[in-house]
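To start, the structure itself, in structure tokens.
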Amino acid sequence: MSWASAWFRAGMRALRCVMALGCLPLTARNSQVLFHEKLDSFHCVAYFSLRAMEGGGSLIALPLGLMFIFSGLFINGLQVISVLFILPFSRRAYRVVNMIMMEALWSELVWLLDWWAGVKVKVYTPRETSEHLGKERALVISNHRSDIDWLVGWIIAQRLGCLGGTRAVMKKSTKFLPVIGWSMWFSEYVFLSRNWTKDEKVLKNEGTRFTKAKLEAARKYATEAGLRVPRHVLVPRTKGFVSAVENLREFVPAVYDMTVAVSKELPSPTMVRIFRGQPSVVHVHVRWVPMSDLPQEANEISKWCHDAFEIKDDRLEQHEKENTFGEDLYIPIERPLKPLIFVISWAITLLAAAWWMLRPIFSTWKGIAWVVGVLVVVMLCVQVLIMSSQSERSSDPTARRVKQKQAAYFDNGHKKD
């Protein structure tokens, strides 16, 4: 049996299992029952492919994954070219080019929430604040409430016309993710090792994703540190925020203090629900704070950040009771057509390219084996991206690690009671 024939048989078994399970409720229990009897090497390929499709929730994960992976690799290739031939001559031109490419790529994910799943993002802010949104540079701080808060931020940025120019602070490991992490690296996102000795020279703002385990750890830490015990947020780690304010205050005019809450109307959004096309409702309150209003001293900036999260905690407590941040503050922002146009353009382009390239490939068993292998790899990549977004999988859930990372509070001159 030739290697091409072996790969073809393996791929076909994987795809048959995927197609068969696509008609069943996709749960971990189903996949375990299906593969419990015989788990040979071929079934291992099928098993992990199934888990990738299980993460997507339906077969829609495959075509969307194919589109995002291949369009992303194309963008990554253009970014390499821009690094070699544009960056050496003009950093400004390099950034402008990357802003355009990032909007073309990120718009696919915005479309996934905005058009496919119908996730509704409602923004609440005073009228005078809404006049500033999207028209100035700003440092954004926010709490975490779901697996896809970062995508909610991208939806707001896209609607305000600044998606391509948005930058975020990410864990260092994120830059190794296929396509999405590489694109962030080329676009000069800030990556942290979460070690202040290493990160001190990097302009940053610290944060971590919200989980029940981390909330319990934060409550324990707050009790021991003599701080107010949080109900809906974690205790902020302020070293990064202090560093960001000190370095950005000269050319960034404002801080956007965002508070994110999930409406009780529908379940919380996850990547699994999004791939299944299941809607959710997310509420975002925006408090506009002029940078000039922030104190000058590091200790006072740290205290301001703690106070801001106490305000968030109170606001979320009120939201828990009323399921709104106040309808008088609701600012409707129209859903733009640009993400839909980008997705249609990518789909037509990639389908045309696939038709042109795959016609001769499908004429041989070797070619078919390669195509099947690519499909399996794409499904695995989709699963990796979905797993990376799940807050329950994020690291450091224990109180011990939280307490170590919260040492910044005491470094700023505070003492335990």
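Atom SG in C162 sits 8.5 Å away from atom CE in M99 (nearest 0.5 Å). From I311, atom CD1 reaches atom NE2 of H306 across 13.5 Å, with rounding to the nearest 0.5 Å. In this structure, the separation between NE2 on H285 and CD on Q318 is 11.5 Å, given to the nearest 0.5 Å. To the nearest 0.5 Å, atom CE of residue M258 and atom CG of residue N143 are 11.0 Å apart. The distance from atom CD1 of I81 to atom CG of L87, rounded to the nearest 0.5 Å, is 14.0 Å. Atoms CH2 and CG, from W106 and L163 in turn, are 8.5 Å apart once rounded to the nearest 0.5 Å.
Residues I341 and S345 share a closest heavy-atom pair of O-OG, 2.8 Å. Taking both residues in full, the closest heavy atoms of V83 and P88 are given as O-CD, 3.2 Å, listed atom of the first, atom of the second, then distance. Taking all atoms of both residues into account, the shortest heavy-atom contact from G72 to L105 is CA-CD1, 3.7 Å. V262 and S268 make their closest contact through CG1-CA, 3.8 Å (heavy atoms, listed as atom of the first residue, atom of the second, distance).
Side-chain atoms of Q158 and S107 form no donor-acceptor pair, as typed in the model, at a separation below 3.5 Å. Looking only at atom types and distance, the side chain of S82 has no donor-acceptor partner in the side chain of Q79 under 3.5 Å away. E300 and Q296 share no side-chain donor-acceptor pair at under 3.5 Å. D149 and S142 share no side-chain donor-acceptor pair at under 3.5 Å.
A side-chain donor-acceptor contact under 3.5 Å links W116 to the backbone of I274. Using modelled atom types, one side-chain atom of T324 and one backbone atom of G326 make a donor-acceptor pair closer than 3.5 Å. When atom types are taken as modelled, the side chain of R249 and the backbone of A244 share no donor-acceptor pair closer than 3.5 angstrom. Checked by atom type and distance alone, the side chain of S90 never pairs as donor or acceptor with a backbone atom of I86 at under 3.5 Å. For D293 (side chain) and V289 (main-chain N/O), no donor-acceptor pair under 3.5 Å exists by modelled atom type. S243 places no side-chain N or O within donor-acceptor distance of the main-chain N or O of K239, the cut-off being under 3.5 Å. Between the side chain of S302 and the main chain of A298, no donor-acceptor pair closer than 3.5 Å is present. Put simply, the side chain of R273 never gets that close to the backbone of S280: no donor and acceptor are under 3.5 Å apart. Between the T238 side chain and the F241 main chain, no donor and acceptor come within less than 3.5 Å of each other. Of the possible polar contacts, one joining the T125 side chain to the V286 backbone as a donor-acceptor pair under 3.5 Å is found.
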### Query
side chain to side chain contact (heavy atoms under 4.5 Å, CB included) between W115 and V110: does it pass, once the steps are laid out?
CA-CA 8 Å; W115 292 85; V110 171; over 6 Å; no
### Message
Using side chain to side chain contact (heavy atoms under 4.5 Å, CB included), reason through Y189 and W185 one step at a time and then give a plain yes or no.
### Response
CA-CA 6 Å; Y189 275 56; W185 184 83; over 6 Å; no
### Query
Yes or no on salt bridge (charged side-chain N to carboxylate O under 4.0 Å, His left out) for D114 and K120, after CA distance, side-chain angles and deciding distance?
CA-CA 7 Å; D114 227 353; K120 187 175 183 179; over 6 Å; no
### Query
Given L64 and W111, is the side chain to side chain contact (heavy atoms under 4.5 Å, CB included) satisfied, shown in steps?
CA-CA 11 Å; L64 291 181; W111 171 87; 3.6 Å; yes
### Message
Before you tell me yes or no, could you show the steps for V140 and V255 under side chain to side chain contact (heavy atoms under 4.5 Å, CB included), namely the whole-Å CA-CA distance, both residues' side-chain angles and the distance that decides it to 0.1 Å?
### Response
CA-CA 6 Å; V140 179; V255 173; over 6 Å; no
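The side-chain heavy atoms of Y94 and N98, taken from C-beta on, include a pair separated by under 4.5 Å. Proximity of V284 to V152: side-chain heavy atoms (C-beta onward) are separated by under 4.5 Å at one or more points. Looking at I301 and C305, their side chains never come closer than 4.5 Å, going by heavy atoms from C-beta outward. Put simply, the side chain of P339 does not reach to within 4.5 Å of the side chain of E108, judged on heavy atoms. Annotation: side chain of Q278 is not in contact with side chain of V119 (no heavy-atom distance under 4.5 Å). The closest side-chain heavy-atom distance from V282 to K122 is not below 4.5 Å. In this structure, K175 and M184 have side chains that are not in contact, with every pair of non-hydrogen atoms separated by 4.5 Å or more. Side-chain atoms of M102 and F186, non-hydrogen and from C-beta on, never get closer than 4.5 Å to each other.
F191 does not carry K171 over the face of its six-membered ring by the limits of under 6.0 Å from the centre and within 45° of the normal.
For CH2 of W304, the number of neighbouring non-hydrogen atoms (other residues, nucleotides, ligands) closer than 6.0 Å is greater than 12. F74 CZ: 12 or fewer foreign heavy atoms inside a 6.0 Å radius. In R137, the CZ atom is not crowded: 12 or fewer heavy atoms of neighbouring residues, nucleotides or ligands sit closer than 6.0 Å. Within a 6.0 Å radius of CD in E250, no more than 12 heavy atoms belonging to other residues, nucleotides or ligands are found.
Applying the side-chain hydrogen bond (donor to acceptor under 3.5 Å, both in side chains) test to residues at least two apart or on different chains, the pairs with a partner in residues 255-264 are E136-Y256, D257-R287, D257-K312, S263-E265, S263-N323.
The aromatic rings of F325 and H319 sit tilted, their planes meeting at an angle between 30° and 60°. Taking the six-membered ring where tryptophan is involved, the planes of Y330 and Y124 are tilted, since the angle between them lies from 30° to 60°.
Salt bridge annotation for R95-E188: present, with a cationic side-chain nitrogen under 4.0 angstrom from a carboxylate oxygen.
Aromatic pair F70/W346: centroids not less than 6.0 angstrom apart.
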